[in-house]
Amino acid sequence: MRVIVLGGGVVGVTTAYQLQKDGHEVVILERRAEVAAETSWGNAGMIAPGHSFVWSSPKAPMILLKSLVLKDQALRFRLSADPRLYSWSWLFLMECTPEKARRNTLLKHRLAVYSQSVLHEVVADEQIEYDRNDRGILYFYRSQQALDKGVEHMRLLESDGQLIKVLDRDAVVALDPSLASAREKIAGGIHCPTDETGDPAKFTRALAAKVVERGGEIRTGTIITGIETSGDGVAQVTTDKGSFKGDAYVLALGSYSPLIARTVGISLPIYPIKGYSLTIPIGNRPAPPTIAAIDEHNLVAVSRFGDRLRVTATAEFAGYDTSHKPADFAFMKGVTEELYPEGADYDRAEMWAGLRPMTPNNLPEFGQRRLRNLYLNTGHGHIGWTMSHGSARITADLIAGRKPAVSMEGLLN
C-alpha cells in the first residue's frame with residue numbers, strides 16, 4: 001500500500017521505517033525544515049524501561065496544587081483560559097488512584113521493554129551511530145529514607161522483569177567517578193543496567209536517510225491543514241503544498257495530533273506538557289558523566305551524547321507555549337553543576353523548551369477511530385523515544401492485519 005505518515009518526529013520516522021520494511025510505499029509529511037526538529041530534538045535521550053512509572057500517580061494532585069504557589073516543583077500547573085486544560089486535567093486526576101497507577105505503569109513497562117527489543121533489531125540491521133551508551137541508567141537519592149522508598153517503589157518494575165541493582169554511596173561513585181565531588185550529597189542509588197541512552201534526533205535523521213535511500217519520500221516544510229474524508233475513510237490529507245493521497249494514513253503528530261483529529265470528529269485525550277532542556281558542550285572538562293543519571297530528589301536528568309550533555313527537567317502544564325527565558329533553566333543548571341563541577345562548559349549551554357504529548361494514563365493511542373484507514377500512533381508522553389520503536393512495529397502490524405508480537409491487552413482502546 002501507499003501509506004501517508006503525518007509527522008516526522010521519532011514516532012513518525014520509525015513508523016515509516018517499519019512500514020517500508022513490510023513492503024509499503026511511504027510518504028512522511030513534516031512541517032519543520034528537517035525531521036526530529038521538535039520534541040524528538042531536545043529530550044533526555046533515555047531508552048528507559050526502568051523509568052516507566054506513570055506521572056498520574058497518587059502523589060501528583062498534591063504536587064500540582066503546591067506548584068500554584070511554590071517554585072521549582074517538578075510538575076507545574078499554570079492557570080489558563082484554555083478549557084481543554086481543565087477537561088484533560090480532570091481525566092488525569094481520575095487516573096491518579098493507586099490501582100490505576102499500578103496498572104498503567106505495568107502496561108507502560110511492557111510496551112517499553114518490547115520497544116527496546118525492536119530498537120536493538122533496528123540498530124543491528126542498520127548500524128546507525130547515535131552516541132549510544134549501554135551502561136544503564138543510575139537513579140540516585142539524597143537521603144537513606146528516599147532511597148529506601150525508591151527501592152520499594154522499583155519493586156513493581158522488578159516484579160515485571162526489570163533488572164535493578166541497589167547501590168550504596170561508594171558503589172554509586174565507583175559506577176560513575178565523575179560524581180566523586182558530590183559523594184556526600186548522595187545516599188545511594190538504583191542502577192538499571194539494561195536501560196540505555198542515545199541522541200534521538202541523530203538516530204531519527206539517520207533512519208530517515210535510510211527510508212529515503214530505499215525509495216521513501218519525506219516532505220519537509222509541509223504544513224498539514226486538514227484531513228478530507230469520503231464515506232468511512234480518509235480520502236486525502238491537505239497541506240500548504242498540495243494534497244496527498246494514500247491507501248492508509250498514520251497520525252503521528254505528537255502534541256498536535258488532537259488538533260488535526262478534531263477536524264474529522266475524533267477526540268484524542270492528548271495535551272501538551274512543556275519540558276525544558278539544556279544541551280551543553282563538554283569541551284576540555286576533565287570529569288564529564290560516564291553514565292546517564294536522574295537526581296530523584298530534584299528530578300533532573302543528565303545524559304551524555306558523545307561530546308555533549310543533555311540536561312532535562314520540569315513538566316509544565318502550559319498549553320502550546322514553547323517560550324522560555326534563562327531563569328527557567330537556572331535551577332536545573334545549578335543542580336547539574338553541583339553534581340558534575342568539571343563535567344561541561346556550563347556557560348555555553350543551549351536552552352530549549354518543547355512539548356510532550358501526554359495522555360491522562362501516560363499510554364499512547366493506537367489503532368483506528370471512526371475511519372477505517374486512519375491509524376493512530378501518538379501520545380507517547382515523556383518516554384516517546386523509549387516507546388517509539390515498539391509502537392512503530394505495532395502500528396505496522398495493525399495496518400497489515402497481523403497480531404502484534406506484544407500483548408495489546410490494555411493498550412488498544
Side-chain angles (χ1 to χ4, degrees), residues 9-11 14-15 18 39-40 43-57 95 100-123 130 132-139 150 153-165 190-200 203-204 252 254 270 273 275 292-294 296 299 301 303 312 315 356-366 376-397 404-412:
V10 65
V11 173
T14 53
T15 300
Q18 294 292 343
T39 304
S40 301
N43 63 45
M46 294 183 172
I47 301 291
H51 201 51
S52 293
F53 292 99
V54 294
W55 286 5
S56 45
S57 71
E95 297 291 333
K100 288 184 178 179
R102 175 186 173 84
R103 171 188 177 274
N104 293 336
T105 293
L106 290 173
L107 287 171
K108 193 173 175 182
H109 187 250
R110 181 206 302 164
L111 177 57
V113 171
Y114 171 65
S115 187
Q116 187 179 29
S117 71
V118 177
L119 165 65
H120 291 168
E121 292 174 5
V122 175
V123 171
Y130 59 106
R132 183 185 184 193
N133 183 328
D134 61 0
R135 295 188 61 222
I137 297 176
L138 170 66
Y139 306 86
H153 193 48
M154 190 64 86
R155 295 299 182 200
L156 174 61
L157 298 186
E158 187 181 41
S159 72
D160 199 45
Q162 182 70 38
L163 181 61
I164 71 169
K165 295 182 179 180
I190 299 169
H191 179 215
C192 290
T194 56
D195 285 357
E196 56 189 287
T197 55
D199 185 337
F203 182 97
T204 302
I270 296 170
I273 307 299
I294 296 179
E296 291 285 0
L299 292 181
S303 300
T312 58
R356 306 176 180 98
M358 297 295 294
T359 59
N361 63 8
N362 282 202
L363 298 169
E365 296 283 325
F366 292 120
L376 305 176
N377 187 9
T378 189
H380 293 76
H382 71 112
I383 59 169
W385 172 216
T386 298
M387 296 192 290
S388 59
H389 299 82
S391 298
R393 188 63 252 162
I394 286 167
T395 301
D397 287 339
V406 65
S407 170
M408 296 302 292
E409 184 179 355
L411 294 173
L412 266 180

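By convention here, the first residue in the shown sequence is residue 1. Basis for what follows: all heavy atoms, side chains included, without hydrogens, waters or symmetry-related copies. For clarity, every value in this text was computed on a predicted model and none was experimentally measured.
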Under 4.5 Å between any side-chain heavy atoms of Tyr139 and Ile164, yes or no?
no
Between Ala292 and Met46, what is the shortest heavy-atom contact and its length?
CB-CE, 3.9 Å
Determine the minimum heavy-atom distance between Pro49 and Asp195, stating which atoms define it.
CD-OD1, 3.2 Å
Please verify the inter-ring angle class for His51 with His382; under 30° counts as parallel, over 60° as perpendicular, anything in between as tilted.
perpendicular
Minimum heavy-atom distance Ser52-Ala112, with the two atoms named:
OG-CB, 3.8 Å
Minimum heavy-atom separation for Ile47 and Thr386, please, with both atom names.
CA-OG1, 3.4 Å
Atom of Leu411, atom of Phe366 and distance for their closest heavy-atom approach:
O-CD1, 3.6 Å
To check you understand the geometry: which heavy-atom pair defines the closest contact between Gly45 and Pro200, and what is its length?
CA-CD, 3.8 Å
Heavy-atom side-chain contact between Thr378 and Val11 under 4.5 Å
no
Kindly say whether Trp55 contributes a backbone atom to a donor-acceptor pair with the side chain of Asn362 at under 3.5 angstrom?
yes
Partners passing ring pair (Phe, Tyr, Trp, His ring centres under 6.0 Å) against His153 (at least two apart in sequence or in another chain)
Phe53
Let me see the working for Thr15 and Ser391 under side chain to side chain contact (heavy atoms under 4.5 Å, CB included), right down to the final yes or no.
CA-CA 8 Å; Thr15 300; Ser391 298; over 6 Å; no
Give a yes or no answer on whether the side chain of His109 reaches the backbone of Glu158 with a donor-acceptor pair at less than 3.5 Å.
no
Can you check whether Ala44's main-chain N or O pairs, donor with acceptor, with Trp385's side chain at less than 3.5 Å?
no
Just do the side chain to side chain contact (heavy atoms under 4.5 Å, CB included) check on Val10 and Asn43 with the steps written out, would you?
CA-CA 11 Å; Val10 65; Asn43 63 45; 5.8 Å; no
I'd like to know whether Ser388 forms a side chain to side chain contact (heavy atoms under 4.5 Å, CB included) with His380, so could you lay out the CA-CA distance, the side-chain angles of the two residues, the decisive distance to 0.1 Å, and finally the verdict.
CA-CA 8 Å; Ser388 59; His380 293 76; 5.7 Å; no
Would you say the side-chain atoms of Arg393 pair up with the backbone N or O of Val118, donor to acceptor, closer than 3.5 Å?
no
4.5 Å side-chain heavy-atom contact, Thr359 and Pro364:
no
Counting N and O atoms only, with roles assigned by atom type, does the side chain of Thr105 sit under 3.5 Å from a partner on the main chain of Arg102, one being a donor and the other an acceptor?
no
Answer whether the closest heavy-atom distance between the side chains of Gln162 and Thr194 falls below 4.5 Å.
yes
